[in-house]
Novice: 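One structure, as structure tokens, below. Some questions next.
Order of the sequence lines fixes the chain letters, A, B, ..., with proteins taken first and strands second; residue numbering starts at 1 for each chain. In this text the structure is predicted, and so the values were computed from the model without any measurement.
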There are 2 protein chains.
Amino acid sequence: MTRAWAVGLDMGGTNIRCAAVSAGGDVLLMEHGPSYASRQAAAVAENIAAQLTHLLNTARRRGLGSPRAIGVAVPGPLNVYSGTVMQAPHVAAWRGYPLRRKLEALIGRNVVVENDANAWALGEYWRGAARGRRDVVLLTLGTGVGGGLIVGGKLVHGRSGMAGELGHVTVDPNGPRCDCGANGCLESYASASGLRGLVEQRLRLSPGAPLPAQIVDSEGNFSVRGLSAQARCGDRLALEAFATAGYYLGIAIAAFLDIFNPELVVIGGGVAAALPYMRKTMMTQVRARAFTAIASQAKIVRAALGPRGGVVGAAYAALHPAQRARRADSKVR
Amino acid sequence: MTRAWAVGLDMGGTNIRCAAVSAGGDVLLMEHGPSYASRQAAAVAENIAAQLTHLLNTARRRGLGSPRAIGVAVPGPLNVYSGTVMQAPHVAAWRGYPLRRKLEALIGRNVVVENDANAWALGEYWRGAARGRRDVVLLTLGTGVGGGLIVGGKLVHGRSGMAGELGHVTVDPNGPRCDCGANGCLESYASASGLRGLVEQRLRLSPGAPLPAQIVDSEGNFSVRGLSAQARCGDRLALEAFATAGYYLGIAIAAFLDIFNPELVVIGGGVAAALPYMRKTMMTQVRARAFTAIASQAKIVRAALGPRGGVVGAAYAALHPAQRARRADSKVR
């Protein structure tokens with residue numbers, strides 16, 4: 001008899017990760033591919049379907065047989081019940097795109113779709129930093145800022161699955177313009193794009209102008225890793241940018257504490273590696289703004305799963321449909 | 001046979017309301033009394049117990065018999081499992097006060113304690129504006145700002161029942177000092193005390209200085225009703241104060257929408273009567289800041305129960321212990 005397992009696929013702006021995940025949460029095999037996010041809507045979906053098919057074939061060849069379920073995590077607010085992506089930050093062509101239906105037609109199997117940060121929250125809850133916790137706030141600090149909420153052991157979906165957009169709470173109404181169109185979102189400070197903006201502002205550069213060599217990668221793009229290396233050397237510009245990001249991150253975390261009274265705040269994503277340079281200003285704001293009785297009950301920790309969080313969580317979402325069952329009594333659009 | 005009913009008591013800064021509420025949510029009888037909130041910790045609790053005893057006696061005399069359960073709603077963050085009030089804005093003496101234990105000793109019966117805004121949210125969910133809704137954000141705009149959250153048909157308690165402190169999310173990090181000690185909380189704008197501060201600021205008055213006669217009540221205290229009357233007459237000071245409060249209320253509501261993807265935002269409390277003067281600036285910020293796909297799914301409405309919300313909700317909390325059962329797997333302090 002073959003082992004019970006599920007597919008978990010995590011689509012980012014650049015890459016796709018696709019894994020076979022056991023019913024216990026172990027990654028049995030993992031494949032990677034490009035996400036071609038700038039292509040047309042249908043082409044992006046066809047590429048996901050091809051990646052799924054490739055993994056299904058590999059799994060069959062390795063004797064794993066067929067999966068019990070398939071979960072796909074994508075960025076941006078989406079209706080998890082209908083499987084429609086409302087808007088995806090890295091896939092311009094997906095606006096009200098019926099992703100689930102398209103994928104099901106292409107591969108001939110049921111597919112569960114979930115927001116990528118929600119999937120990561122489920123992954124941390126299942127096998128990561130939030131194991132055994134019932135009330136958890138997950139923040140992903142990457143190119144943008146995403147969020148996933150677990151309340152009483154269940155993922156918070158809201159009316160149609162778009163809950164958890166923690167990156168777009170306002171932390172300063174007069175702050176810089178965010179990619180979402182509003183001003184002073186958490187994302188406009190505590191993300192890679194936010195940090196780039198803070199650096200540009202301090203150097204009085206216009207957006208998109210060439211940045212110092214130490215903080216760009218081999219392709220000339222802004223690099224949080226480079227900025228962290230500068231901070232490690234005591235560079236004032238880098239330290240100030242991280243201190244500002246930490247200040248606003250602390251303001252947002254204080255709000256999430258007062259709203260949710262969680263046991264745990266889990267912080268993941270590429271920018272989370274720079275937490276040591278943000279922690280001081282962050283904690284000052286948390287202590288100044290959240291109720292002491294609430295803040296003293298919550299730990300703020302790094303995510304444990306790293307890049308695996310999304311695929312493990314997407315598989316969990318697929319394996320546990322009851323946790324995300326459509327409510328019979330609501331008219332979900 | 002007598003009818004099944006519960007006691008619901010709602011303690012405010014000035015008055016106590018205490019009611020017999022049927023298992024269907026009808027108020028069978030209602031009594032009022034002063035809350036003596038400035039007295040010593042034990043005296044405040046003894047007064048609540050006396051009010052409960054008085055209602056129990058009235059109910060017995062009227063042939064209602066004994067209640068099935070007793071629910072008590074009080075302001076401020078409290079541990080709903082242990083029944084300890086962490087800090088209550090209007091009862092200075094309650095700091096880590098074991099209210100439930102004291103009340104149970106005084107009246108010789110089990111008592112359920114709940115945060116007053118949470119109780120109101122349950123009341124609106126049971127018998128008010130949120131009937132039949134599964135995902136609801138309730139805001140109470142009174143002397144301060146409170147909140148209650150219903151997610152998937154259940155009240156959000158968090159680790160120990162202190163979730164829902166929506167009045168203390170930061171809406172402007174450089175804003176005026178809030179009673180909680182932080183700066184620029186929602187409460188420092190969209191509450192009676194916030195509006196008083198906005199008026200004082202515009203009149204360049206020091207806090208506590210005498211206010212114009214039109215906006216004070218017969219005892220010389222700031223009156224939101226008076227400010228509303230001024231706004232109705234087109235008074236610029238009043239219109240500006242409400243416009244500013246609405247602006248910050250909109251910033252906070254946009255965040256709650258992106259966080260919860262609710263079906264409904266319910267606004268109650270004395271300041272909610274002035275919503276017509278706040279709505280324009282509020283809605284401009286909601287539209288500018290929340291994801292359109294999320295905001296378009298939520299209605300923003302006035303609470304339906306008014307002063308009865310708290311007692312009805314406290315009775316609901318007492319009648320439905322499963323909705324707030326202590327989790328066996330958590331170490332609640």
Novice: Heavy-atom cut-off 4.5 Å, strictly under: side chain, backbone, both or neither for B/A254 against chain A?
Specialist: neither
Novice: Okay, side chain of A/R289, backbone of B/T170: is any donor-acceptor separation there less than 3.5 Å?
Specialist: no
Novice: Would you compute the distance between atom CE of A/M162 and atom CG of B/L257 and round it to the nearest 0.5 angstrom?
Specialist: 10.5 Å
Novice: With a 4.5 angstrom heavy-atom cut-off, could you sort out which part of B/P77 is near chain A: side chain, backbone, both or neither?
Specialist: side chain
Novice: Heavy-atom cut-off 4.5 Å, strictly under: side chain, backbone, both or neither for B/M86 against chain A?
Specialist: side chain
Novice: Please determine, among A/D258, A/V169, A/I251, A/I294, the option with the most heavy-atom pairs under 4.5 Å with chain B.
Specialist: A/D258
Novice: Between A/T292, A/N174, A/V171, which shows the greatest number of heavy-atom pairs under 4.5 Å with chain B?
Specialist: A/V171
Novice: Pick whichever of B/A163, B/A182, B/A252 has the most heavy-atom pairs under 4.5 Å with chain A.
Specialist: B/A163
Novice: Answer with side chain, backbone, both or neither: which region of B/Q87 has an atom nearer than 4.5 Å to a non-hydrogen atom of chain A?
Specialist: side chain
Novice: Looking at every heavy atom in both A/R159 and B/E263, which two are closest together, and how far apart are they?
Specialist: CD-CG, 3.7 Å
Novice: For A/F260 and B/F260, take the angle between the two ring planes, folded into 0 to 90°, and tell me which bin it lands in: parallel under 30, tilted 30 to 60, perpendicular over 60.
Specialist: tilted
Novice: Where does B/I259 contact chain A at under 4.5 Å (heavy atoms): side chain, backbone, both or neither?
Specialist: both
